[in-house]
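The next block holds one structure in the form of structure tokens; read it before the comments.
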Amino acid sequence: MRNLTVMPTLPQAHGFKKGDVFLLFGELFSRGYANGLVDQAKAEGMTILGVTVGRRDKDNQLRPLNPEELAAAEANLGGRILNYPHWAGFDMDPTPSGITVSESIANVKPTDWQDFKLDWSQVEEAKVHSYKRFRATVDQMVGELETLVPHGANLFFAHTMAGGIPKAKIFLVLLNRAVKGMGARYAPSKELWESDLGRLSAKNYDAVTADTFLELIEATQGLRQKVEGWGGICSYSAYGYHGTPILIKDRYLWQTYTPYLPGWSKMRLEDHALAAWKQGIKAVVYNCPEIRTNSSDLFNGVELSLYPLIRALRHEGGGPWAEAQAKACQDLMIEGMGLEAMLDEVDAYHLNPIITPFHSDFQDWPKHNSQAMADLMLATSDKVMEMNRDKKNLITDYLSGLVVESSGRIMLNEGYAPRGPVLWLGHDLVAKDLLAHHS
Ligand SMILES: NC(=O)c1ccc[n+]([C@@H]2O[C@H](COP(=O)([O-])OP(=O)(O)OC[C@H]3O[C@@H](n4cnc5c(N)ncnc54)[C@H](O)[C@@H]3O)[C@@H](O)[C@H]2O)c1
């Protein structure tokens, strides 16, 4: 049984300062969650470091960034990149048969995927190879990092890695049906997840989304002891997802997106934080609200939970800044469309009896979808999207920016003296933080 440990109050201001070191474990994309943490760490004058997942040559060899790529990545991060290729997961690693797992599924057809059987011993070998490769890379990176943490400094690790769908065309087709398919195009997510291809994805999700955090914690044991030895703080954060409490008709209710296929791996990530915490390590998974990023764009409908943030801002005290946010969202809508009517529609969706059995059962998370649930979620998502004036400048992009900013502030502040290993950031906390900062 899991506990919903929602952060009840904003953290105290932290003690990270100029000269302390911040390391982003994952790459920074323009819309990604990590921007909030990086911006906050920069604002405090911390030294910004990052890693790369590397790039692949034509022959599939994983390599560090070349000088141009490195310069671009460092400019984007605003800090130094420790240039070792941290690509995680085993789908592109060699198997004893000489081909990768991805290559072994390259010819699976949309008509025969359900009968397709993997050679699990090959998969296991690729997995062992990739875990060793990844750990060796992290060890190299930590070797360099040790030379960059000055005596007396604090150290903050920000894990952002998530992913794991194997690189093969068949997954584009299958995910389009299981996650984005409506009507005749719908295929149950459970059928995909219980097939060999689904089981393969789940294992790769574990490797990328969860076990990279464990590897980071283990590989930095010596450095952590050194930092703590001089009285410094060594703190680890990871982004989790496990649903979010949002305001639905004047009450904060926990809800989730369905079918969140990486959910089992996100719980494994939480387990890694729980185990580390028991050993006295400041390792925290922050379960963050649904926003739109490169990664979450796969999950159409996930953004429906984001709109009620507008009402949470009013609920937590409102005022001119909150009204300015509501107006900014209204201005993004097609002429004649009302923001309040849209928010009422989203509330009605969250309370619809077709949706609630899938979206409000915390103990039985994550769930697979049904045809009726998927049809309603995707149709509502489309309907609300159609209310936007410009598909390239969406209300959800605007609100995502607010959540990214706020989550960064909350996580860095909390990281100095965290209150627990698994913490949820509800819309109430995000709204409180934004109002406290901007009002
Ligand atoms: N977007 C959301 O709604 C949401 C909600 C809660 C939590 N999160 C979590 O926030 C974190 C950042 O995600 P985001 O949504 O900002 O998207 P993003 O696309 O900006 O970030 C994804 C990260 O995963 C890394 N990554 C992807 N594949 C990898 C691989 N094979 N090996 C190593 N690293 C890999 C990328 O380098 C990047 O740092 C993730 O852990 C995600 O699960 C996202």
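Remember, it's 1-based here, ligands and their atoms both numbered in the order they're listed. Heads up: numbering here begins at 1 and tracks the sequence.
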Practice item. Tell me which one of Pro262, Ser305, Ser130, Gly240 gets a heavy atom nearest to atom 7 (C) of ligand 1. Key: Gly240
Check your understanding: Does the ring center of Phe358 lie less than 6.0 Å from the ring center of His368?
Key -> no
**Study point:** Sidechain-backbone polar pair: Asp91 side chain, Val101 backbone, donor-acceptor under 3.5 Å
**Key:** no
Point to revise | Asn294: numbered ligand 1 atoms lying under 4.0 Å from its heavy atoms | key: 19 (O)
Point to revise | Residue selection (non-hydrogen contact nearest atom 16 (O) of ligand 1) among Tyr33, Tyr205, Tyr260 | key: Tyr33
Practice item. Name the option, out of Tyr241, Phe213, Tyr239, that contains the heavy atom nearest to atom 9 (C) of ligand 1. Key: Tyr239
Review point. Which one of Ser295, Gly36, Ser407 has a non-hydrogen atom at the shortest distance from atom 19 (O) of ligand 1?
Key: Ser295
Revision key, fill the gap. Checking heavy-atom distances from atom 20 (O) of ligand 1 to each of Ser400, Gly243, Gly32, Ser30, the winner is Gly32
Practice item. Taking the six-membered ring for Trp and the full ring for Phe, Tyr or His, determine whether the centres of His272 and Phe213 are under 6.0 Å apart. Key: no
Review point. Which atoms of ligand 1 are found less than 4.0 Å from any heavy atom of Met161?
Key: 24 (O), 25 (C), 33 (C), 34 (N), 41 (O)
Check your understanding: What is the nearest protein non-hydrogen atom to atom 35 (C) of ligand 1, stated with its residue, atom name and distance?
Key -> Val53 CG1, 4.0 Å
Check your understanding: What protein heavy atom sits nearest atom 37 (O) of ligand 1, and how far away is it?
Key -> Glu27 N, 3.0 Å
Check your understanding: Within the side chain of Asn83, is there an N or O that forms a donor-acceptor pair under 3.5 Å with the backbone of Leu70?
Key -> no
Review point. Of all the atoms in ligand 1, which lie at a distance below 4.0 Å from a heavy atom belonging to Val208?
Key: 29 (C), 30 (C), 31 (N), 32 (N)
Check your understanding: So which protein heavy atom does atom 5 (C) of ligand 1 come closest to, and at what separation?
Key -> Pro289 O, 3.4 Å
Review point. Does Leu402 offer a backbone N or O that forms a donor-acceptor pair with the side chain of Ser406 under 3.5 Å?
Key: no
Study note, to complete from the structure: of all protein heavy atoms, closest to atom 32 (N) of ligand 1 is Ala88 N, 2.9 Å
Check your understanding: Which atoms of ligand 1 sit under 4.0 Å from any heavy atom of His86?
Key -> 32 (N), 33 (C)
Practice item. List the steps and the verdict of ring pair (Phe, Tyr, Trp, His ring centres under 6.0 Å) for Phe16 and Tyr416. Key: CA-CA 7 Å; Phe16 293 115; Tyr416 199 75; 5.1 Å; yes
Study note, to complete from the structure: min-distance protein heavy atom vs atom 14 (P) of ligand 1 -> Thr293 OG1, 3.5 Å
**Study point:** Residue and atom name of the nearest protein heavy atom (relative to atom 23 (C) of ligand 1), distance in Å to one decimal
**Key:** Thr160 O, 3.2 Å
Exercise for review: Please write down residue, atom name and distance for the protein heavy atom closest to atom 36 (C) of ligand 1.
Suggested key: Phe29 CE1, 3.8 Å
Study note, to complete from the structure: Under 4.0 Å from one or more heavy atoms of Ile291, ligand 1 contributes atoms 1 (N), 2 (C), 3 (O)
Check your understanding: Can we call the ring centroids of Phe157 and Phe25 under 6.0 Å apart?
Key -> no
Check your understanding: Of all the atoms in ligand 1, which lie at a distance below 4.0 Å from a heavy atom belonging to Lys266?
Key -> 40 (C), 41 (O), 42 (C), 43 (O)
Practice item. Identify, by atom number and element, the atoms of ligand 1 in contact range of Glu290, meaning under 4.0 Å from any of its heavy atoms. Key: 3 (O)
Review point. Between Tyr257 and His359, does the ring centroid distance fall short of 6.0 Å?
Key: no
Practice item. To the nearest 0.5 Å, tell me how far Leu434 CG sits from Glu316 CD. Key: 11.0 Å
Review point. In terms of side-chain heavy atoms, does Asn300 have a donor or acceptor partner in Ser381 at a distance below 3.5 Å?
Key: no
Revision key, fill the gap. d(Glu103 CD, Asn60 CG) to nearest 0.5 Å is 6.0 Å
Exercise for review: Taking the six-membered ring for Trp and the full ring for Phe, Tyr or His, determine whether the centres of Phe362 and Trp424 are under 6.0 Å apart.
Suggested key: yes
Revision key, fill the gap. Closest heavy-atom approach to atom 24 (O) of ligand 1 among Ala162, Gly54, Gly26 is made by Ala162
